[in-house]
Each structure stands twice: as C-alpha cells, then as structure tokens.
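First up is the structure itself, then whatever we jot down about it.
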Amino acid sequence: MRRIGGGFPQARAVFVQGWRLASPDHTRHRSDMTETYRPRRSVLYVPASNDKALAKIAQLACDAVIIDLEDAVAPADKIAAREKLAGIFANRPDANGRRREMVVRVNALSSEWGTDDLAAVAKAEPDGILLPKVHTPRDVLEVGDVLDDNSAPDSVKLWAMIETPKAMLNIGAIAELGRDPASRLDCFIAGTNDLIKDTGVLATPDRAYLLPWLMQMLLAARAGGIDMLDGVFNEFRDPDAFARECTQAAAMGFDGKTLIHPSQVEAANRAFAPSAQALAEARAVKDAFALAQNSGKGVIALNGRMVERLHLAQAEKLLAKAAAIGA
Ligand SMILES: CC(C)(COP(=O)(O)OP(=O)(O)OC[C@H]1O[C@@H](n2cnc3c(N)ncnc32)[C@H](O)[C@@H]1OP(=O)(O)O)[C@@H](O)C(=O)NCCC(=O)NCCSC(=O)C[C@H](O)C(=O)O
Ligand SMILES: [Mg+2]
C-alpha cells in the first residue's frame with residue numbers, strides 16, 4: 001500500500017497496486033445509500049466571463065449549468081472570471097421552482113490557474129466541480145483529497161471530462177471510483193471536441209468514429225454507478241441536426257447532453273425524458289405485478305411478452321424519473 005504523492009502533499013488516499021481501494025476514514029458504499037434521481041437532461045455551459053449569459057440562466061429550463069472557467073474563458077480573463085464565482089453562487093438561480101444543479105469547470109490542475117480555481121470553487125460550495133483533461137483515477141483522487149483537507153462538504157461532487165486518449169485507456173479504473181462515495185465522483189462528460197483533436201478521427205454527422213468510445217464511456221459509467229452525459233453539439237444554429245444527435249445519445253443510454261446555447265435546452269429536455277409510450281408500458285408492468293395473482297411470481301406474461309421482476313425495477317426507475325421531471 002502507498003499514499004499518493006506528487007504535486008499534492010495533502011493527498012492521503014490509500015492505494016493498492018496503483019488504484020485506491022478506499023480511504024481509511026470512508027467506508028460507505030454507494031449501494032448502501034438512498035439513491036435519488038437528479039435530472040441532468042440538459043446541462044448548459046455558461047462562460048464565467050460572460051455577464052449577459054450568466055444573467056440569462058434564471059430564464060432557462062436547463063436541468064443544470066456548468067459555469068466554465070476553462071476553454072470558454074480567454075487566458076486574459078481567467079482571474080476576473082474566477083473572482084465572479086462568489087457572487088454567482090450567492091444568488092443561485094432556480095429552475096422552475098426546483099433547485100438547479102450548479103457545477104463549475106475549473107482549469108486543469110497542471111495549468112497556472114488550476115490550484116487557485118479549486119480553492120475559489122471549494123469556497124463557493126457548488127454541487128459539483130468538473131475536472132477537465134482527467135487522465136487517470138489519480139487526477140480525481142488528488143482533487144478529492146484537496147477538498148477533504150479544505151473541509152468541503154460531502155455534497156460537493158466531482159465530475160470528470162473524458163476527453164483524452166489516456167482517459168479512454170483508463171476508463172474502467174476511473175469509473176470504479178464512483179463505487180466509493182469518498183471519491184466524490186458522480187458524473188462523466190464526453191469531451192468530444194478534445195477527443196477529436198487528440199485522436200485525429202474525422203467528425204462525421206453520424207459520429208461513426210466516436211461511437212465506440214462513447215459506448216465504452218457509457219459502459220464504464222454504469223459499472224461505476226455514475227451518470228454519463230454526452231458532449232456538446234457545436235453547430236448551434238442547426239436545430240434539426242442537434243435533435244438527431246440528442247435522439248442518438250438517448251438511444252445509447254446517456255442521461256443527458258451538455259449544451260452551449262439556450263436554443264438547445266428544450267430539444268435536450270424532450271429527447272432525454274421518457275416517451276409517452278415508455279411510460280405507458282412502465283405503468284402496465286407495475287400494475288401487472290401489483291395484481292394479487294402475480295404477487296409471488298418472478299416472471300409473468302403481459303400482452304404477449306415475457307416480463308420479469310428486473311423489468312419491474314426498470315419500470316419503477318422510469319416512473320420515478322418521470323415524476324422528478326414532471327413528465
Ligand atoms: C456559441 C456562442 C459563442 C454563441 O454566442 P452568440 O452568438 O452571442 O449567441 P446568441 O446571440 O444567439 O445568444 C442569444 C442569447 O443567449 C445568450 N447566451 C448565449 N449562449 C449562452 C449560454 N451558453 N448560456 C447562457 N446564455 C447564453 C446570449 O447572451 C443572448 O442573450 P440575450 O441577448 O440576453 O437574449 C455562445 O452561445 C457561447 O459562448 N456558448 C458557450 C460556449 C462554451 O461555454 N464553451 C465551452 C464548453 S464546450 C467545451 O469546452 C467542449 C469540451 O470540453 C470538449 O472537449 O468537447
Ligand atoms: Mg474539452
């Protein structure tokens with residue numbers, strides 16, 4: 001066993017063969033905790049340097065926002081953007097009466113801004129901190145340890161951008177951290193622009209060359225029990241193509257999509273909400289298992305289809321999701 005070292009002397013995670021199993025003072029397992037559904041159908045990036053865009057948040061129906069300090073903010077504006085965080089979080093805009101999830105994307109810790117970003121963000125106590133250019137589990141653990149050392153509440157989660165070839169090679173190990181609440185890891189976001197840049201694959205409308213990696217991310221996220229959000233769609237003036245990409249991502253199992261423009265919110269909310277047909281089927285499964293004659297059964301026939309209790313669990317999850325988003 002060893003402790004991690006390197007750039008963060010405060011880091012105190014316990015490692016076995018390179019990957020942390022658990023920190024000594026945190027032994028809870030995610031499956032021991034009550035799961036609550038948090039909608040993340042539409043997650044809008046808002047540059048922290050853009051006052052007009054920040055003011056717009058209150059009018060938008062996106063499930064979550066990511067206040068960006070990284071790629072959307074020019075180097076000359078980085079410090080001023082960071083200094084706005086306290087004010088932004090002092091007046092958190094709700095979403096339709098519901099508390100909207102608010103996350104901050106910091107600059108990479110290896111950059112000249114990363115460490116100070118993290119200190120400022122920890123003070124603002126957002127719902128999450130999005131880490132760009134995560135390569136290994138260690139990148140997540142180091143930040144978690146810094147947050148612990150600064151007594152950041154457990155409610156501050158970590159989100160990771162999966163956007164480098166190295167992250168793809170380590171994806172299972174990074175996702176596995178989601179099984180340990182002490183790691184704070186809660187969500188992956190596909191960084192498709194950076195992946196395209198770093199790999200050289202051709203960006204095609206059907207995303208043919210990205211799909212294997214996107215599915216691998218999705219699978220890893222599910223293994224780690226965390227959410228998986230699709231990357232952004234750059235052509236924000238093309239609503240039809242955007243809707244097609246949302247439909248594709250929903251079919252692939254993504255929980256939602258990251259967005260760059262307010263015009264994308266409504267289509268994402270629609271695409272990642274359960275369809276009327278799926279809801280009707282879920283209600284039928286629930287009702288069928290509620291019948292006295294089916295109470296002790298593991299499998300039943302419903303409208304010519306085999307239905308097992310795993311389908312009941314799936315149906316209940318879908319209905320809970322619909323209730324949470326008011327569908
Ligand atoms: C893409 C934009 C630069 C377009 O800006 P603009 O042409 O000014 O848009 P509009 O004039 O159509 O804007 C209309 C109104 O909407 C507000 N607005 C625009 N964008 C946002 C936003 N993101 N959040 C909130 N409000 C927004 C405008 O202020 C206008 O308001 P009003 O006049 O009052 O009606 C711009 O949309 C933009 O900057 N988008 C965000 C870009 C961003 O954050 N990029 C970084 C994240 S994506 C990424 O990093 C990729 C990832 O890492 C990867 O590797 O793939
Ligand atoms: Mg990126």
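Just follow the structure's listing: the first ligand is 1, and inside any ligand the first atom is 1.
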Per-atom contacts, ligand 1 versus M161 - under 4.0 Å to a heavy atom
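Contacts of ligand 1 toward M161, numbered from 1: 52 (C), 53 (O).
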Taking only heavy atoms of D68 into account, list the atoms of ligand 1 that are under 4.0 Å away from them.
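This gives 46 (C) as the contact atoms.
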[atom] - nearest protein heavy atom and its distance:
| atom | answer |
| --- | --- |
| atom 49 (C) of ligand 1 | R105 NH2, 3.7 Å |
| atom 43 (C) of ligand 1 | A72 CB, 3.6 Å |
| atom 25 (C) of ligand 1 | A53 O, 3.4 Å |
| atom 33 (O) of ligand 1 | K52 CE, 3.0 Å |
| atom 13 (O) of ligand 1 | H261 NE2, 3.4 Å |

Give the single entry among [options] that approaches [atom] most closely by any heavy atom.
| atom | options | answer |
| --- | --- | --- |
| atom 54 (C) of ligand 1 | N50, I189, N193 | N193 |
| atom 4 (C) of ligand 1 | F236, Y45, F233 | F236 |
| atom 27 (C) of ligand 1 | A190, P132, P262 | P262 |
| atom 35 (O) of ligand 1 | K56, Q264, K197 | K56 |

Under 4.0 Å from [atom], can you find at least one protein heavy atom?
| atom | answer |
| --- | --- |
| atom 31 (O) of ligand 1 | yes |
| atom 46 (C) of ligand 1 | yes |
| atom 23 (N) of ligand 1 | yes |
| atom 56 (O) of ligand 1 | yes |

For residues 43-51, run the donor-acceptor check on the side chains, cut-off 3.5 Å, and write out each pair with its distance to 0.1 Å, sequence neighbours left out.
from, atom 1, to, atom 2, distance (Å)
N50, OD1, K52, N, 3.2
N50, OD1, A53, N, 3.0
D51, OD1, K84, NZ, 2.9

Side chain, backbone, both or neither: which applies to T258 and ligand 1 if a contact is any heavy-atom pair less than 4.0 Å apart?
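Under 4.0 Å from ligand 1, T258 contributes no heavy atoms.
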Is R237 touching ligand 1 with its side chain, its backbone, both, or neither, if touching means heavy atoms under 4.0 Å apart?
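The answer is the side chain.
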Contacts of R41 that satisfy side-chain hydrogen bond (donor to acceptor under 3.5 Å, both in side chains) - sequence neighbours left out:
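Scan of R41 (side-chain hydrogen bond (donor to acceptor under 3.5 Å, both in side chains), adjacent residues dropped) gives D63.
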Is the closest side-chain heavy-atom distance between D71 and N193 below 4.5 Å?
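In short, these two side chains do not touch, never coming nearer than 4.5 Å.
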Under a 4.5 Å cut-off applied to non-hydrogen side-chain atoms, are P137 and E176 in contact?
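They are not in contact (no side-chain heavy atoms under 4.5 Å apart), so the answer is no.
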Thinking salt bridges, do [X] and [Y] make one under a 4.0 Å N-O criterion?
| X | Y | result |
| --- | --- | --- |
| E245 | K257 | yes |
| R38 | D227 | no |
| D127 | R92 | yes |

Check for a donor-acceptor pair, side chain of D186 on one end and backbone N or O of W159 on the other, with a separation under 3.5 Å.
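Not a single qualifying donor-acceptor pair exists.
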Between D77 (side chain) and V73 (backbone), is there a donor-acceptor pair under 3.5 Å?
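No; zero donor-acceptor contacts below 3.5 Å.
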Could you report the tightest heavy-atom contact between [X] and [Y], atom names first, then the distance?
| X | Y | answer |
| --- | --- | --- |
| I226 | C187 | CB-N, 4.0 Å |
| E70 | V106 | CB-O, 3.8 Å |
| P132 | M161 | CA-CG, 3.6 Å |

Enumerate the protein N/O/S atoms at a distance below 2.8 Å from the Mg ion (ligand 2), ignoring waters.
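Metal shell, protein only: E163 OE1, D194 OD2.
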Below 3.5 angstrom, do we get any N/O pair linking [X] and ligand 1?
| X | value |
| --- | --- |
| E163 | yes |
| I260 | yes |
| E70 | no |

Parallel, tilted or perpendicular: which one describes the rings of F233 and F242, with boundaries at 30° and 60°?
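If you compare the ring of F233 with that of F242, the planes turn out tilted.
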Assess the residue pair R184 and D148 against the criterion (salt bridge (Lys or Arg N to Asp or Glu O under 4.0 Å)); give the C-alpha distance rounded to whole Å, side-chain angles, the decisive distance to 0.1 Å, and a yes or no.
CA-CA 10 Å; R184 299 175 186 255; D148 290 349; 2.8 Å; yes
Enumerate the residue pairs fulfilling side chain to side chain donor-acceptor pair (under 3.5 Å) with a member in residues 211-222, sequence neighbours excluded, ordered by first and then second residue.
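Listed once each, the pairs are R222-D255.
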Looking at ligand 1, does P47 have a heavy atom less than 4.0 Å from it?
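Within the 4.0 Å threshold, so yes.
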Please identify which of these residues, T199, L202, L195, meets the side chain to side chain contact (heavy atoms under 4.5 Å, CB included) condition with Y209.
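Only one option passes, and that is L202.
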